[in-house]
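Please read the structure below before turning to the comments.
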Amino acid sequence: MDLDVVNMFVIAGGTLAIPILAFVASFLLWPSALIRIYYWYWRRTLGMQVRYVHHEDYQFCYSFRGRPGHKPSILMLHGFSAHKDMWLSVVKFLPKNLHLVCVDMPGHEGTTRSSLDDLSIDGQVKRIHQFVECLKLNKKPFHLIGTSMGGHVAGVYAAYYPSDVSSLCLVCPAGLQYSTDNQFVQRLKELQDSAAMQKIPLIPSTPEEMSEMLQLCSYVRFKVPQQILQGLVDVRIPHNNFYRKLFLEIINEKSRYSLHQNMDKIKVPTQIIWGKQDQVLDVSGADMLAKSIANCQVELLENCGHSVVMERPRKTAKLIIDFFTSVHNADNNKKLD
């Protein structure tokens, strides 16, 4: 989610070359602006360029680094209420010779938000396929990565468009049906029963609720300054009505278990990465997927919650690259035989 911003002071104070007085003033008075500068700075530092592409009147915003080559391109799908820049902490540790693409999911950040858009998982899968076609990313099969809601979409995409995908990485994906509900899901059901869905834990509207969300999503306990919590809330509040609409769409009957219903159709080599202390989506989902997907490798991370990408970026990048390399090398060896 927004955990990478927590480290902003160490980076911004030393490397943004902003005079100390201006930095302090920005921190106290305009924390949301400072957060935007932070992402701009890291995109620039890591060589990620922002571009837009259109399918008819629908606009997709994405960032990329590198060019398509002999290795598969890598497409990365972020989670609920996040954006393409959430991957920057992982991109930092990925080789620069790979073609990386991070797209804003439907309705998020720079990608079109329309009241007419189908926000169901199937609807999002179709939109991502349109994006892939626009970039001609499927000219040859690519490696697909998704986390949480993005993992849900990525898994269903691999089931629906198997010829597009060479390999798949699902990071604590949503969309599975568990035999018992964890505390988070129980709380959601209580909110639904009481018609109090204005208080969805993943849609904070105050600094206190933001702090609670960070604790829910992360095993590591960060001491986040009040100003940064306020900045994170200020950035999100204008979008909260959309987030609420999206959340209700992806937890309804049409979408809630789409990955579960399609996981046996996934035929490509698949990697599952999950934090053992995930409080949002139970880690037992990894075993469910491993039993249904023939060529599946599971990596469980100790002392890690739901925000795997933010909590363990270096480890996540290493696991992704090790798996990507092994699959790519195996494919090359088959061609030589």
Side-chain angles (χ1 to χ4, degrees), residues 1-6 76-82 86-87 89-90 105 121 144-156 168-191 200-204 209-222 224 232 243 246-247 250-251 255-260 263 266 270-293 296-320 323:
M1 297 264 176
D2 301 292
L3 294 175
D4 54 343
V5 180
V6 173
M76 310 172 90
L77 309 182
H78 65 73
F80 171 78
S81 78
M86 71 156 286
W87 292 107
S89 56
V90 170
M105 297 293 282
I121 295 301
L144 181 58
I145 304 175
T147 183
S148 197
M149 179 192 78
H152 194 169
V153 173
V156 176
L168 178 68
C169 174
L170 304 179
V171 184
C172 51
L176 297 174
Q177 187 169 8
Y178 296 87
S179 56
T180 57
D181 295 332
N182 64 11
Q183 288 185 345
F184 172 70
V185 174
Q186 288 174 12
R187 184 179 173 190
L188 283 181
K189 288 185 175 179
E190 289 169 5
L191 290 173
I200 298 170
L202 297 179
I203 309 178
E209 290 175 358
M210 174 59 72
S211 180
E212 289 174 6
M213 187 190 80
L214 294 178
Q215 290 182 37
L216 172 68
C217 294
S218 172
Y219 175 77
V220 177
R221 293 293 177 257
F222 293 99
V224 186
L232 293 172
Y243 294 152
L246 170 62
F247 189 82
I250 62 178
I251 66 167
S255 291
R256 179 174 286 187
Y257 304 127
S258 289
L259 178 57
H260 200 104
M263 59 186 176
I266 298 173
T270 301
Q271 178 184 47
I272 311 297
I273 303 176
W274 218 303
K276 280 190 174 182
Q277 283 72 36
D278 193 332
Q279 299 178 78
V280 178
L281 298 168
D282 195 84
V283 66
S284 60
D287 189 51
M288 269 190 258
L289 289 164
K291 288 177 178 176
S292 294
I293 301 172
C296 188
Q297 175 179 311
V298 174
E299 304 286 352
L300 304 182
L301 304 185
E302 294 282 359
N303 302 321
C304 184
H306 184 64
S307 298
V308 172
V309 172
M310 305 305 178
E311 294 182 72
R312 304 289 291 280
R314 186 190 296 269
K315 179 66 173 178
T316 302
K318 184 180 186 306
L319 291 173
I320 288 170
F323 177 75

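Everything quoted here is computed from the prediction, not taken from an experiment.
Using a 4.5 Å heavy-atom threshold, the side chains of Ser89 and Val309 count as touching. When side chains are defined from C-beta on, Tyr257 counts as touching Gln177, because their heavy atoms get closer than 4.5 Å. Looking at heavy atoms from C-beta onward, Leu301 lies in side-chain contact with Val308 at the 4.5 angstrom threshold. Between Arg187 and Pro201 the shortest side-chain heavy-atom distance falls below 4.5 Å. Between Ile251 and Leu246, every side-chain heavy-atom pair lies at or beyond the 4.5 Å cut-off.
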Decide yes or no on side chain to side chain contact (heavy atoms under 4.5 Å, CB included) for Thr270 and Leu289, but give the supporting numbers first.
CA-CA 9 Å; Thr270 301; Leu289 289 164; over 6 Å; no
Which is it for Met86 and Thr147 under the side chain to side chain contact (heavy atoms under 4.5 Å, CB included) test, yes or no, and what are the steps along the way?
CA-CA 10 Å; Met86 71 156 286; Thr147 183; 3.7 Å; yes
Checking side chain to side chain contact (heavy atoms under 4.5 Å, CB included) for the pair Ile250/Ile121: CA distance, chi angles, key distance, verdict?
CA-CA 6 Å; Ile250 62 178; Ile121 295 301; 4.0 Å; yes
Using the side chain to side chain contact (heavy atoms under 4.5 Å, CB included) rule, take Gln271 and Leu170 through it: C-alpha gap first, then chi angles, then the decisive distance, then the call.
CA-CA 6 Å; Gln271 178 184 47; Leu170 304 179; over 6 Å; no
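The nearest pair of heavy atoms linking Met105 to His78 is N-NE2, 2.9 Å. Of all non-hydrogen atoms in Leu259 and Ala174, the two that sit nearest each other are CD2-O, 3.4 Å. Across all their heavy atoms, Cys296 and Ala290 have their closest contact at SG-CA, 3.8 Å. Closest approach of Leu281 and Trp274 over heavy atoms only: O-NE1, 3.0 Å. Of all non-hydrogen atoms in Gln279 and Leu216, the two that sit nearest each other are NE2-O, 3.4 Å. Nearest heavy-atom pair across Gly79 and Ser148 is CA-CB, 4.4 Å.
The line from CG of Leu300 to CD of Gln277 is 10.0 Å long, rounded to the nearest 0.5 Å. Expressed to the nearest 0.5 Å, how far CD of Glu190 lies from CD of Gln186 amounts to 7.0 Å. The CE atom of Met149 sits 11.5 Å away from the CG atom of Leu202 when rounded to the nearest 0.5 Å. In this structure, Cys217 SG and Met310 CE are separated by 10.5 Å, a value rounded to the nearest 0.5 Å. Going from atom CD1 of Ile272 over to atom SG of Cys169 covers 7.5 Å, rounded to the nearest 0.5 Å. Taken from OH in Tyr243 to CD1 in Ile203, the straight-line distance is 9.0 Å, to the nearest 0.5 Å.
For the residue pair His306 / Ser218, no side-chain donor-acceptor distance below 3.5 Å is found, with atom types taken as modelled.
Not counting sequence neighbours, Asn182 has no partner by the side-chain hydrogen bond (donor to acceptor under 3.5 Å, both in side chains) test. Under the side-chain hydrogen bond (donor to acceptor under 3.5 Å, both in side chains) criterion, Glu299 pairs with Gln297, sequence neighbours left out. Residues passing the side-chain contact (heavy atoms from CB on, under 4.5 Å) test with Ser292, sequence neighbours excluded: Met263.
Other residues, nucleotides and ligands contribute only 12 or fewer heavy atoms inside 6.0 Å of the CD atom of Gln183.
In terms of modelled atom types and a separation under 3.5 Å, the side chain of Tyr178 and the main chain of Asp282 share a donor-acceptor contact. At distances below 3.5 Å, not a single donor-acceptor pair connects side-chain atoms of Glu302 with backbone N or O atoms of Lys276.
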